[in-house]
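Numbered from 1 within each chain, the chains take letters A, B, ... in sequence-line order.
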Protein chains: 2
Amino acid sequence: MKCRRCREPAIIELRRHNAGFCRDCFVRHCREQVRRAIDEFSMMQPGEHVLVAVSGGKDSLGLWHLLRELGYDADGLYVGLGIGDYSESSASYARAFAHEHGAQLLEIDLVDTYGFDIPEGSLAARRVPCSACGLSKRHVFNEAAMTHGYDVLATGHNLDDEAAVLFGNVLRWQTEYLGRQHPVLPAAPGFVRKVKPLIRLGERELAAYCVVHGIDYIVEECPMAEGNRHLGYKEALNAIEERSPGTKAAFVSTFLERVHSRFVDEATGVRDDLRPCTTCGSPTPPSAAGVCAFCRIRARATGATIPVTAS
Amino acid sequence: MKCRRCREPAIIELRRHNAGFCRDCFVRHCREQVRRAIDEFSMMQPGEHVLVAVSGGKDSLGLWHLLRELGYDADGLYVGLGIGDYSESSASYARAFAHEHGAQLLEIDLVDTYGFDIPEGSLAARRVPCSACGLSKRHVFNEAAMTHGYDVLATGHNLDDEAAVLFGNVLRWQTEYLGRQHPVLPAAPGFVRKVKPLIRLGERELAAYCVVHGIDYIVEECPMAEGNRHLGYKEALNAIEERSPGTKAAFVSTFLERVHSRFVDEATGVRDDLRPCTTCGSPTPPSAAGVCAFCRIRARATGATIPVTAS
């Protein structure tokens with residue numbers, strides 16, 4: 001197979017694009033897809049101060065590299081979740097990348113800063129680990145970006161992630177989540193702008209991008225994620241993509257073009273109703289009686305009293 | 001395992017309902033689900049003249065039996081599609097059911113009446129067989145019901161079918177199809193009312209219902225359907241249902257409750273624009289230049305000229 005652009009031997013075939021690419025044209029393709037995603041959704045402007053949430057995996061390290069290549073002023077944020085060896089190992093990949101590329105890495109350790117780790121938080125809150133972890137990361141990412149004055153927080157959600165999340169939201173028709181599922185969540189009081197510049201790249205492309213650039217990343221899945229629903233949705237979509245390449249990309253892009261707006265009112269309504277958490281000041285829905293979900297988990301995990309106020 | 005209702009030994013477990021049923025309570029369950037579907041969506045009234053489209057398979061024969069048990073005046077309609085031995089065999093099951101139950105079976109043979117069969121139509125129209133077949137059946141079912149003065153046409157689409165079709169429509173976000181995906185399509189000029197009373201029953205339940213009643217049905221899939229997308233969607237949903245029983249039922253019912261209405265304008269708009277086909281009089285979109293898709297297939301397959309008129 002030859003490269004679609006330059007006719008040199010291809011190193012990767014992308015069935016969704018019905019094309020092969022050589023090393024250089026593949027790198028150009030990845031950069032171009034990120035540039036187009038940023039432009040299409042007006043994710044950020046040159047000169048803005050970007051914080052990239054990095055886990056040590058291929059997606060977030062690849063994103064960090066791509067944003068720096070595209071000329072963005074992008075620092076990394078690593079949150080230590082306290083998931084044993086997995087966290088130790090993933091931190092070392094993030095640090096190695098920062099060191100090698102002369103990039104700035106902000107580190108926040110959940111135990112040191114908030115007094116609990118994900119296994120404890122998950123048990124205490126009686127939530128599945130991925131739920132406790134997701135909400136904790138959202139909270140810490142946002143707080144860190146706000147505290148340190150970043151303009152925008154970028155996360156490494158790729159096309160496969162977005163398709164799987166969309167599939168899960170669609171299977172249960174979670175209309176509020178569908179209204180919020182967008183590659184840009186604009187800034188709002190208490191919220192930094194959040195963007196997903198990898199929405200046009202699949203996980204296989206990110207893995208290849210890292211290999212091509214000699215970026216070492218943690219290959220293992222998080223041990224606490226085993227058997228979670230999200231992975232089941234990915235498998236189901238992969239089977240369909242295998243038969244009909246391009247299905248995932250069309251699923252996500254057509255949703256954004258033609259369907260997302262039909263659900264946006266529900267998400268906006270929820271956002272408008274938020275009030276500051278009485279403990280940490282984060283925006284919190286009125287149903288939470290004043291205390292945000294993160295502070296609840298933290299209080300349960302650390303044995304502190306939850307200071308519930310009349311809402 | 002014991003029957004949830006009467007504590008006798010169960011003959012079937014329905015994980016989606018977290019219940020087992022004995023023979024009698026299972027039959028009652030099936031009847032009850034059909035009764036509830038008919039009521040919930042006001043599908044039909046007692047005394048109406050119902051035409052059931054029967055293929056010789058478990059769903060349509062089960063439906064025919066269930067509607068008669070529920071006291072509806074239901075005749076059968078069998079359309080001979082000319083798919084070799086498969087059509088011969090499926091016709092014999094439909095006839096045997098009618099004979100055994102003293103029910104009226106209307107038969108229409110595609111070749112005798114319209115001059116072509118599905119293999120020819122599919123080739124001539126360069127459509128995949130399931131597409132040519134689906135549109136031909138829709139046309140013939142509607143024409144037969146209108147010609148013979150039936151109030152309503154009932155089809156044997158079950159919960160698994162509806163979930164797979166919904167999944168396909170969602171993957172490509174076919175907004176017009178989503179607006180039309182409903183267990184009742186009301187009557188309109190040129191269209192009989194169409195209903196899907198099996199929307200609350202899965203295919204496993206229909207198979208068991210037929211076995212319990214000694215209803216013989218054709219077990220083979222249509223040989224022309226092999227490898228079609230719909231079957232891929234079913235497999236993907238089955239894998240998810242296996243992990244989380246009830247996912248399919250929630251996917252379909254929540255869509256109908258909370259989402260369908262967001263797409264209904266598109267479907268209504270299309271329906272309002274229909275004009276009579278210049279060949280057969282069936283409602284036809286203006287983009288078809290006067291001739292409906294069925295008459296086009298028929299003309300191509302039989303070598304007749306398509307009488308295109310200025311629209």
Side-chain angles (χ1 to χ4, degrees), chain A residues 16 128 130-131 159-160 162-179 181-182 225-267 269, chain B residues 16 128 130-131 159-160 162-179 181-182 225-267 269:
Chain A
R16 167 172 105 251
V128 293
C130 294
S131 158
L159 174 57
D160 296 81
E162 287 303 289
V165 169
L166 180 58
F167 185 26
N169 288 340
V170 154
L171 275 177
R172 276 161 285 154
W173 292 107
Q174 291 178 299
T175 54
E176 183 199 327
Y177 294 169
L178 288 169
Q181 182 155 8
H182 198 271
E226 215 172 279
N228 83 357
R229 276 186 180 165
H230 192 71
L231 296 178
Y233 300 152
K234 280 197 172 175
E235 280 167 25
L237 290 176
N238 285 345
I240 292 166
E241 180 81 14
E242 181 67 28
R243 285 179 186 224
S244 306
T247 301
K248 278 189 229 182
F251 180 44
V252 171
S253 65
T254 313
F255 169 75
L256 294 172
E257 280 160 30
R258 293 213 295 253
V259 180
H260 172 259
S261 61
R262 298 171 206 236
F263 295 98
V264 88
D265 281 357
E266 264 123 317
Chain B
R16 168 171 104 253
V128 293
C130 294
S131 158
L159 173 58
D160 297 80
E162 288 302 290
V165 169
L166 180 58
F167 185 25
N169 288 339
V170 155
L171 275 178
R172 275 161 284 154
W173 293 106
Q174 292 179 297
T175 53
E176 181 199 328
Y177 294 170
L178 288 168
Q181 182 154 8
H182 197 270
E226 214 172 278
N228 82 359
R229 277 185 179 164
H230 191 71
L231 296 178
Y233 300 151
K234 280 196 171 175
E235 280 166 26
L237 290 175
N238 284 345
I240 291 166
E241 179 81 14
E242 181 66 30
R243 284 179 186 225
S244 308
T247 301
K248 279 189 227 182
F251 179 44
V252 171
S253 66
T254 313
F255 169 75
L256 294 172
E257 279 161 31
R258 293 213 294 254
V259 179
H260 172 260
S261 61
R262 298 171 206 235
F263 295 97
V264 88
D265 281 357
E266 265 123 316

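- Heavy atoms of Arg243(B) lying under 4.5 Å from chain A belong exclusively to its side chain.
- A search for side-chain contact (heavy atoms from CB on, under 4.5 Å) contacts involving Thr254(B) returns Trp173(A), Ala250(B), Arg258(B), not counting sequence neighbours.
- Heavy-atom distances place no part of Glu242(A) under 4.5 Å from chain B, backbone and side chain included.
- In this structure, chain A has no heavy atom under 4.5 Å from any part of Glu257(B).
- For Phe263(B), the parts sitting under 4.5 Å from any heavy atom of chain A are the backbone and the side chain alike.
- Both the backbone and the side chain of Val170(B) come within contact range of chain A, each with at least one heavy atom under 4.5 Å from a heavy atom of that chain.
- When the candidates Leu237(A), Ile240(A), Val252(A) are compared by the number of heavy-atom contacts under 4.5 Å with chain B, Ile240(A) comes out ahead.
- Contacts between Ser244(B) and chain A at a heavy-atom distance below 4.5 Å involve the side chain alone, from C-beta outward.
- Residues passing the salt bridge (charged side-chain N to carboxylate O under 4.0 Å, His left out) test with Arg229(A): none are found, sequence neighbours excluded.
- Contacts of Leu166(A) with chain B are made by side-chain atoms alone, with heavy-atom separations under 4.5 Å and no backbone atom involved.
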